[in-house]
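Since we're looking at a predicted model, the values are computed, not measured.
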Amino acid sequence: MAAPDPRPPGPEELLRGPAGPVLRSLLTHAGLGLAVWDTELRCVWANDVLTRYDGIPREQRLGRPPRASLAGDAAALEETVRDVLDTGACVIGRPYRVPVVQGDRRPRFLAATALRLDDPDGLPLGVALLVLDVRSGRGVQDRLAVASEAGARIGTTLDVVRTAQELADFTVPLLADYVTVDLTEAVRLGGEPLERLGTADGRVPTFRRAGVASVHDGAPESLWASGDAVFVPEASPFTQVLHTGRPLLQPHIDTSPGTWLDNDPARAEKIRRFGMHSLLIVPLQARGLLMGVVVLVRADNPTPFDDGDRLLAEEIAARAALSLDNARRYTRERTAALTLQRSLLPRRVDGGDAMEVAAHYVPADAEYSAGGDWFDVFGLSGGRLALVVGDVVGHGIAAAAAMGRLRTAIRTLADLDLPPAELLARLDRTSAHLVEADEADPECCSVGATCVYAVYDPGVRTCTVALAGHPPPVVTGADGSLAFPDLPHGTPLGYGLPPHEAAVLELPPGGLIALYSDGLVEDREHDIDVGMERVRGALARGGDSSLAELCAAVVDTLPRAPEDDVTLLLARAR
C-alpha cells in the first residue's frame, strides 16, 4: 500500500477533487476576473472574465507567473502576489489599469484583490487574484485611489533621479505609452548649467531628463537619456506649461506644417515614426516652486487623452512633486553639509619627523546627511605632534558647522601649549558656551560632541591621551601587540562635568596608535566590543602595509554601508 502523499494539495488538485464542480462554477460564472497561482507562482486557473478585461487568452496564462500572464503593470502585480504568498496578508482594492483591448475604446481601470489560499493546517496552497472592473465608478474616487497608490510607489527614497524614474514607471502603461520627467535647474542634477549650453537648431536647453519610461524596451522614442540636457523650441507646449504653470492637453497632436514642430524636426520624426497621436503635459510644482514637467504620450493606445486623464495625471503629479521637492531639499542640504564638512577637514595630514600619519574619512550612507566627524594633525613646540579625532552628535549643516567651531577652538587652545586633560577641560567650557548661544537662537540646533586628543613626544616616545566621552584608541604595547588601553573615559563636551583626565602611554619604535570615530565600531546588530575587536584584528593583520593601505583595509571590514560618518586616523612612530 502506497504511503499517503504528505504534501498539501495544490489549487489544481482541489479543482479536480470532490469540490471541483462547485469551485469551477464559482470561478467560471463569477462576475469578476479571477486567476489562481500555486506556490511556484504558476498560473493554474483563470476565468473568461479576466480575458475580457485584459485580452489575454486563458491558455496563454496557464503555467506562467503573473508578469507573463497579466497585462498593464504586471511586474508590480507579481511583487504583490509574491508578498501575499510570503506573508499571508491580503491586499484589497489595489488599482490596476490595463491598456486598451479589442472591443474597448479606452483602457480599463480595475481593482485587484490578492489573498493567500491555505490548507487546514495553515500551509500555503497558492494565491488567488480577484479583479473587479470599476469603470462604472470612474471619477473622483478612482482618481484618489490611483493617487494614493502613487503616493506609496513614488518617492520611496530621497533621491531626485530615482523619484523621477518612479513617476515615469508608475504612469506607463497605467496612463500613457511613453512618459518623460524633465526638470528645470531648480532641481540641480549636475553637469554644465543649462544657461551655458548653446542653442541647437533653434532649440534652447530648458530641462534635464530625470526619468523616462515606455511600453517599448529601451524607450526608443526618447531623444535624450537620463541626465542629458533637453532642448525645446522657444515657442512650444513645453515652454507654455513652464511659463503658465498649468497643464496642457492636446487630444490630437497636430503635425501639419506651420506648427511648433517645424522648429523641432527630430521630435517630429519620432512622433511620426512611433505614431504618437495624443499629448498631455503636466507641471511638477510644490510649495510654490515649479520644478519641471511630466510629458505623457499615447501611441499604441488609440484612445486620446481626455479631461479625466488630465485630472488623474494632475493628482499623480501633485503627489510626485512633493516627493521630488523633499528629495531636492534633502540633496541640497546634504551637498551643502558635505561641502562645508570637507572644507573644514585637512586636505592632507603630515606628521613631520615625529610620525608617519594617514587618515581615512567615509561620509554617512546616502540615507542620512553628512555628520560632524573631524580629524586633525598639527605640530606643537618641542617637536611634539597633536592627534585629534572628534564627533559632533547629529547630522546636517548644524553638525558640520559645530564641528568647524570645535576644530578651530582646539587649534586655538593648542597654541597655549596646554596638557591634553586641561585642553579638553577648556574645550568643554567653550563647547558649553556654544550650546548656550545655540539655545538662545531658535534657528540653531544644540549638539554635543566627543573627542580624543593625543600628544606624541618623540623625545621620550610617549603619547599622552585624554578622552571626552570618546572610544579609546588602539595602541601598540611594549610587547608589540595591539590593545585598547584602560583610559579614563571622560564625559562628552559641553556638559561641564568633572574634569577630564589623561594617561601617558609608551609607544615603542614603529609603534602604532589608531584614533577613530564611533561610526567605525558601532553597529545596530552587534555590541560595540565586537566592532572594536574587528578593528583591532584588522590592524594586527596589517603587517608591513603602508598606513594608507591599512586605513583602507580597516574600513573595508565594515559589515555594511555606514549609517554614521566613519573617521580613522593612524599614526606610526618613525
Side-chain angles (χ1 to χ4, degrees), residues 344-346 349 351 354-355 357-361 371-378 380 384-393 399 402-403 405-411 413-414 418-428 430-431 447-457 462-476 482-495 497-507 511-522 528-529 531-532 535-536 539 547 551 554-555 564-573:
L344 295 171
L345 294 176
V349 288
M355 307 188 88
V357 294
H360 201 102
Y361 166 71
D373 278 18
W374 86 91
F375 61 90
D376 209 351
V377 178
F378 50 88
L380 300 171
R384 294 170 303 151
L385 189 69
L387 308 169
V388 187
V389 167
D391 183 4
V392 173
V393 177
M403 174 270 284
R405 292 184 293 180
L406 290 177
R407 180 172 179 263
T408 300
I410 287 181
R411 284 264 185 165
L413 293 171
L418 300 173
E422 186 176 347
L423 183 143
L424 286 186
R426 294 203 185 187
L427 185 65
D428 178 60
T430 300
S431 181
V447 291
T450 66
C451 181
V452 52
Y453 180 69
V455 174
Y456 175 66
D457 187 340
T462 60
C463 200
T464 306
V465 183
L467 304 177
H470 204 83
V474 184
V475 182
T476 302
L482 288 165
F484 296 94
D486 186 12
L487 302 176
H489 190 256
T491 55
L493 300 172
Y495 292 93
L497 294 176
H500 297 83
E501 300 179 46
V504 179
L505 309 174
E506 293 186 3
L507 198 63
L512 183 74
I513 180 170
L515 312 182
Y516 53 91
S517 63
D518 57 7
L520 184 63
V521 295
E522 287 187 344
I528 189 172
D529 291 340
M532 293 171 65
V535 170
R536 191 204 64 78
L539 291 171
L547 290 189
C551 275
V554 173
V555 172
D564 195 4
D565 286 13
V566 170
T567 299
L568 176 61
L569 176 62
L570 299 182
R572 179 184 288 152

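Take Glu501 and apply the side-chain contact (heavy atoms from CB on, under 4.5 Å) test, not counting sequence neighbours, and it matches Pro488. For the side-chain contact (heavy atoms from CB on, under 4.5 Å) test, residues two or more places apart in sequence or in another chain that qualify with Ala466 are Pro420, Leu424, Ala502. Legend: residues meeting side-chain contact (heavy atoms from CB on, under 4.5 Å) with Leu380, ordered by chain and number and at least two apart, are Phe378, Arg384, Ala386, Ala414, Tyr453, Val455.
Heavy atoms only, all atoms of each residue included: Leu467 and Pro472 are closest at CD1-CA, 4.1 Å. When all heavy atoms of Leu568 and Ala514 are compared, the closest pair comes out as CD1-CB, 4.4 Å. The shortest non-hydrogen separation linking Arg536 to Leu482 is CD-O, 3.4 Å. In this structure, Gly469 and Thr450 approach most closely via the heavy-atom pair O-CG2, 3.3 Å. When all heavy atoms of Ile410 and Val388 are compared, the pair lying nearest together is CD1-CG1, 3.7 Å.
Two residues are said to be in side-chain contact when any heavy atoms from C-beta on lie closer than 4.5 Å; Val357 and Phe375 fail this criterion. The shortest distance between side-chain heavy atoms of Val377 and Met355 does not fall below 4.5 Å. Within the 4.5 Å cutoff, side-chain heavy atoms of Leu487 are placed close to those of Leu505. No side-chain heavy atom of Tyr361 sits under 4.5 Å from any side-chain heavy atom of Val566. In this structure, Val474 and Leu512 have side chains that are not in contact, with every pair of non-hydrogen atoms separated by 4.5 Å or more. Looking at Val465 and Val475, their side chains never come closer than 4.5 Å, going by heavy atoms from C-beta outward.
In this structure a side-chain-to-backbone donor-acceptor pair under 3.5 Å is present from Thr430 to Arg426. Between the side chain of His470 and the backbone N or O of Tyr516 there is at least one donor-acceptor pair closer than 3.5 Å. In this structure, the side chain of His500 engages the main chain of Thr491 through a donor-acceptor pair within 3.5 Å. Remark: the backbone N or O of Gly494 is paired with a side-chain donor or acceptor of Asp428 at under 3.5 angstrom. Judged purely by atom type and a 3.5 angstrom limit, Ser517 uses its side chain to pair as donor or acceptor with the backbone of Thr567.
Annotation: the span from Cys451 atom SG to Asp376 atom CG amounts to 10.0 Å, rounded to 0.5 Å. Between Ile513 atom CD1 and Cys463 atom SG the span is 3.5 Å, to the nearest 0.5 Å. The line from CG of Leu423 to OG1 of Thr464 is 12.5 Å long, rounded to the nearest 0.5 Å. With rounding to the nearest 0.5 angstrom, the CG atom of Leu413 is 6.0 Å from the CG atom of Leu418.
When the options Asp564, Asp565, Leu406 are evaluated for a side chain to side chain contact (heavy atoms under 4.5 Å, CB included) with Asp391, the one that passes is Asp564.
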